[in-house]
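First the structure, in the form of structure tokens, and then the observations on it.
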Amino acid sequence: MAQLTILCYPDARLHTVAKPVHAVDTRIRSLIADMLETMYEAKGIGLAATQVNVHERLVLVDVSEERNEPMVLINPQITWASAEKQVGEEGCLSVPGIYDGVERSLAIKVQALDGEGRLREIAAEGLLAVCIQHEMDHLMGKVFVEYLSPLKRNRIKTKMLKVQRDEARGNTTT
């Protein structure tokens with residue numbers, strides 16, 4: 001296993017639309033293992049392959065308290081979403097330190113392949129539903145800040161670029 005580099009907003013690669021996974025093979029299983037290590041090390045609850053610069057339809061989620069119940073979703077598709085929505089505070093490993101309200105469906109049903117290539121249907125609500133919707137947005141090239149007003153989005157972009165410049169110079173104070 002190897003820890004992967006997570007792309008940070010406003011990296012243009014985060015806007016790449018992911019292609020379907022054609023086979024759940026050794027390469028995909030290795031990618032899953034590397035992504036899990038990366039997600040857990042970064043203290044995240046979800047990670048899309050797009051975030052580690054692999055543009056295939058693969059999402060990992062683990063909202064369990066003990067962080068020991070990873071869910072693998074390959075080629076996920078939302079088959080149903082509740083009309084009832086709620087605004088909740090979201091963050092993202094690709095936009096570290098930024099949190100804001102995003103409106104999402106309260107409950108969803110998703111069809112996807114698991115890590116063994118078996119087709120599953122998952123009914124999700126609450127945090128799990130939000131997390132899956134958030135990660136699936138990444139597969140479509142969308143970052144959560146795009147739900148925010150242009151003013152907020154530009155402020156976040158400016159802040160992220162400043163942090164990246166400071167890190168490149170070796171200045172870690174922000």
Side-chain angles (χ1 to χ4, degrees), residues 3-20 35-36 38-65 67 71 73 75-110 112 122 124-174:
Q3 197 168 335
L4 305 169
T5 300
I6 298 172
L7 300 177
C8 283
Y9 181 81
D11 192 308
R13 295 172 290 182
L14 288 168
H15 300 294
T16 304
V17 176
K19 304 259 189 277
M35 285 176 62
L36 280 171
T38 302
M39 180 181 77
Y40 289 136
E41 185 64 30
K43 309 273 190 275
I45 61 171
L47 186 67
T50 301
Q51 293 176 271
V52 293
N53 202 29
V54 176
H55 304 287
E56 294 181 77
R57 294 185 58 77
L58 169 61
V59 164
L60 305 178
V61 176
D62 188 347
V63 297
S64 67
E65 287 289 322
R67 315 283 294 130
M71 183 180 294
L73 303 173
N75 298 331
Q77 291 185 294
I78 294 176
T79 57
W80 174 84
S82 67
E84 190 177 354
K85 298 179 184 277
Q86 183 174 12
V87 175
E89 187 144 295
E90 290 187 25
C92 181
L93 294 176
S94 291
V95 194
I98 304 295
Y99 301 89
D100 212 315
V102 176
E103 185 177 66
R104 303 272 186 195
S105 292
L106 283 177
I108 59 171
K109 287 185 182 172
V110 179
I122 297 115
E125 56 185 31
L127 181 58
L128 180 58
V130 168
C131 190
I132 290 171
Q133 291 171 83
H134 175 108
E135 298 309 328
M136 286 183 66
D137 275 353
H138 281 296
L139 301 180
M140 298 308 297
K142 189 169 187 174
V143 181
F144 91 97
V145 297
E146 292 172 51
Y147 287 99
L148 308 178
S149 71
L151 178 63
K152 279 187 178 181
R153 197 168 45 250
N154 285 333
R155 284 182 177 163
I156 291 167
K157 182 177 183 179
T158 300
K159 180 178 181 176
M160 296 302 298
L161 289 169
K162 181 186 182 316
V163 168
Q164 291 167 22
R165 276 193 309 272
D166 288 350
E167 287 174 353
R169 292 183 188 132
N171 178 7
T172 55
T173 58
T174 53

Task: Closest heavy-atom pair and its distance - H138, C92 - done: NE2-SG, 3.4 Å
Task: Minimum-distance pair of heavy atoms, taken over all atoms of I45 and C131 - done: O-SG, 3.4 Å
- [ ] Write down the atom of A124, the atom of I132, and the distance for their closest heavy-atom approach.
- [x] CB-CD1, 4.1 Å
TODO: Mark yes when over 12 heavy atoms from residues, nucleotides or ligands other than Q3 sit less than 6.0 Å from its CD; otherwise mark no.
DONE: yes
Task: Minimum heavy-atom distance between V110 and P76, given as atom pair plus value - done: CG1-CB, 3.9 Å
Task: Side chain proximity check, K159 to I98, heavy atoms < 4.5 angstrom - done: yes
TODO: Just do the side-chain contact (heavy atoms from CB on, under 4.5 Å) check on L47 and L4 with the steps written out, would you?
DONE: CA-CA 11 Å; L47 186 67; L4 305 169; 6.0 Å; no
Open item on the list: Looking at every non-hydrogen atom in both residues, tell me the closest pair between Q164 and P10 and how far apart they are.
Closed with: NE2-CD, 4.0 Å
TODO: Check each of L161, L151, L148 against I156 using the side chain to side chain contact (heavy atoms under 4.5 Å, CB included) test, and report the only one that passes.
DONE: L148
Task: Non-neighbouring partners of K142 that pass side chain to side chain donor-acceptor pair (under 3.5 Å), sequence neighbours left out - done: none
Task: Those residues that, when tested against E146, pass side chain to side chain donor-acceptor pair (under 3.5 Å) (two or more places apart) - done: H15
Task: By side chain to side chain donor-acceptor pair (under 3.5 Å) - contacts of T50 (at least two apart) - done: none
TODO: Please answer whether the main-chain N or O of S105 pairs with a side-chain N or O of Q133 as donor and acceptor at a distance below 3.5 Å.
DONE: yes
Open item on the list: Using modelled atom types and a 3.5 Å cut-off, is there a donor and acceptor pairing between side-chain atoms of Q51 and backbone atoms of I6?
Closed with: no
Task: Least distance between heavy atoms, M39 atom then V61 atom - done: CE-C, 4.5 Å
Open item on the list: A side-chain contact here means heavy atoms from C-beta on lying under 4.5 Å apart; do M71 and L128 qualify?
Closed with: yes
- [ ] Using modelled atom types only, decide if a donor and an acceptor are shared between the side chain of S94 and the backbone of Y9 within a distance under 3.5 Å.
- [x] no
TODO: With rounding to the nearest 0.5 Å, note down the distance linking CE in M35 to CG in L58.
DONE: 4.5 Å
- [ ] Report yes if the side chains of V145 and K152 come closer than 4.5 Å at any heavy-atom pair, otherwise no.
- [x] no
TODO: Return yes when atom NZ of K19 has more than 12 non-hydrogen atoms of other residues, nucleotides or ligands closer than 6.0 Å, and no otherwise.
DONE: no
- [ ] For the residue pair D100 and Y147, confirm or rule out a side-chain donor-acceptor distance under 3.5 Å.
- [x] no
Open item on the list: Quick check for you: to the nearest 0.5 Å, what is the distance between K162 atom NZ and E167 atom CD?
Closed with: 10.5 Å
Task: Greater than 12 external heavy atoms within 6.0 Å of E84's CD - done: no
Open item on the list: For the backbone of T38 and the side chain of E41, can you confirm whether one donor and one acceptor N or O come within less than 3.5 Å of each other?
Closed with: no
Task: Partners passing salt bridge (Lys or Arg N to Asp or Glu O under 4.0 Å) against R165 (at least two apart in sequence or in another chain) - done: none
Open item on the list: Run the side chain to side chain donor-acceptor pair (under 3.5 Å) test against N53 and tell me which residues pass, sequence neighbours left out.
Closed with: H55
Task: Interatomic distance, E135 atom CD to R57 atom CZ [nearest 0.5 angstrom] - done: 12.5 Å
TODO: Enumerate the residue pairs fulfilling salt bridge (charged side-chain N to carboxylate O under 4.0 Å, His left out) with a member in residues 86-99, sequence neighbours excluded, ordered by first and then second residue.
DONE: E90-R104
